[in-house]
Amino acid sequence: NENGLFISYINNAQVQFNTCTIPEISYATEIPRYGLYIEYSSGYSIEENTFTGFNNGPDGNIGMYISNSGNQPNEIYKNDFSSLAYGIVALGVNRGETGEGLCLKCNNFSRCTNDIHVIPEIEDGRWKQGRDQGIASSQGTTGSDTAPAGNTFTDKDMYETFNYFN
């Protein structure tokens, strides 16, 4: 298979204890391949999954792609990502205007070119601006702005990487 699981407009989905091997793209014009793509869904449980790039090469593949999950406190917890172009991509509205929303906690990244990539939606050819674009402001313990989220990242000294690109 070229892609893994696709979830669209389904609330309370559970994706747990899966192993996905994501192949590299064959041509530069191909759409990137993914292990999990979830859009316009909330209340999900995504825990303890493993996303690995094929043949230990991060070339155009994505472990998990989250698009517009809304302003609810969703959580991606304790997943492993290795040998990928992107471990997690979060696009668009994944938080509320007051900062609550998608949290990425206790995930492990190894040999990924981009561990976490957070991007706003594009509207009329420009990046959309707004306080609801992005992921939760606080990623650690609820009620704390300084508590860590517990993620481990790709060793930047060994690979040309971005641990968090926003």
Side-chain angles (χ1 to χ4, degrees), residues 1-25 30-54 58 60-110 112-123 128 130-143 147-153 163-166:
N1 293 340
E2 293 182 4
N3 292 309
L5 184 61
F6 180 81
I7 298 171
S8 182
Y9 291 95
I10 297 175
N11 291 329
N12 305 311
Q14 293 189 21
V15 181
Q16 301 170 335
F17 309 107
N18 296 286
T19 300
C20 296
T21 302
I22 302 104
E24 299 174 10
I25 59 173
E30 273 189 290
I31 296 172
R33 297 180 176 156
Y34 58 82
L36 171 64
Y37 190 111
I38 185 167
E39 66 178 7
Y40 302 103
S41 302
S42 189
Y44 44 77
S45 174
I46 302 174
E47 300 179 4
E48 299 190 53
N49 300 288
T50 301
F51 300 91
T52 306
F54 183 75
N61 50 19
I62 300 169
M64 188 182 303
Y65 196 103
I66 302 126
S67 174
N68 295 300
S69 62
N71 60 9
Q72 297 302 308
N74 295 299
E75 186 174 271
I76 306 298
Y77 177 72
K78 206 174 177 183
N79 297 281
D80 294 313
F81 302 88
S82 64
S83 301
L84 298 161
Y86 297 90
I88 297 174
V89 174
L91 169 73
V93 178
N94 290 299
R95 72 173 174 209
E97 294 205 8
T98 57
E100 69 288 338
L102 178 62
C103 285
L104 311 173
K105 294 186 178 185
C106 301
N107 297 290
N108 300 305
F109 300 90
S110 172
C112 295
T113 305
N114 301 278
D115 293 335
I116 299 171
H117 189 67
V118 180
I119 49 179
E121 291 180 288
I122 296 175
E123 185 173 72
K128 191 172 180 182
R131 298 169 93 185
D132 60 352
Q133 298 289 312
I135 59 176
S137 311
S138 297
Q139 291 289 311
T141 306
T142 303
N151 295 305
T152 59
F153 297 101
N163 295 132
Y164 179 79
F165 187 76
N166 185 13

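Each residue takes its place number in the sequence, starting with 1.
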Heavy-atom check, side chain of E121 versus side chain of N68, under 4.5 Å: yes
F51/L84 under side chain to side chain contact (heavy atoms under 4.5 Å, CB included): CA gap, chis, key distance, verdict: CA-CA 8 Å; F51 300 91; L84 298 161; 4.2 Å; yes
Side chain S41, main chain N11, donor-acceptor under 3.5 Å: no
Residue from D80, D115, N151 passing side chain to side chain donor-acceptor pair (under 3.5 Å) with N108: D80
I88 vs I76 side-chain heavy atoms within contact, under 4.5 Å: yes
Shortest non-hydrogen contact between I116 and F153, atoms and distance: CD1-CE2, 3.8 Å
Parallel, tilted or perpendicular: rings of Y65 and Y37 (30°, 60°): parallel
R95 CZ to D132 CG distance, which is reported to the nearest 0.5 Å: 8.0 Å
CD1-SG distance between I62 and C112, expressed to the nearest 0.5 angstrom: 11.5 Å
Separation between OG1 of T19 and CG of N49, rounded to the nearest 0.5 Å: 8.0 Å
Pairwise distance OG1(T98) to CG(N71) - rounded to 0.5 angstrom: 8.0 Å
Side-chain heavy-atom pair Y86, P32 within 4.5 angstrom cut-off: no
Note, N74 side chain near N94 side chain (heavy atom, < 4.5 Å): no
Exercise: identify the closest heavy-atom pair between A90 and I135: CB-CG2, 3.7 Å
Note, I7 side chain near V15 side chain (heavy atom, < 4.5 Å): yes
Side-chain touch E48/K78, heavy atoms, less than 4.5 angstrom: yes
Close side-chain approach of Q133 and V93, heavy atoms under 4.5 Å: yes
F17 CZ to N79 CG distance, which is reported to the nearest 0.5 Å: 10.0 Å
Exercise: identify the closest heavy-atom pair between Y44 and L102: OH-CD1, 3.5 Å
Where C103 and S138 come nearest, the two heavy atoms and their spacing: SG-O, 3.7 Å
Minimum heavy-atom distance G35-C20, with the two atoms named: O-SG, 4.0 Å
Separation of E47 CD from E75 CD (nearest 0.5 Å): 7.0 Å
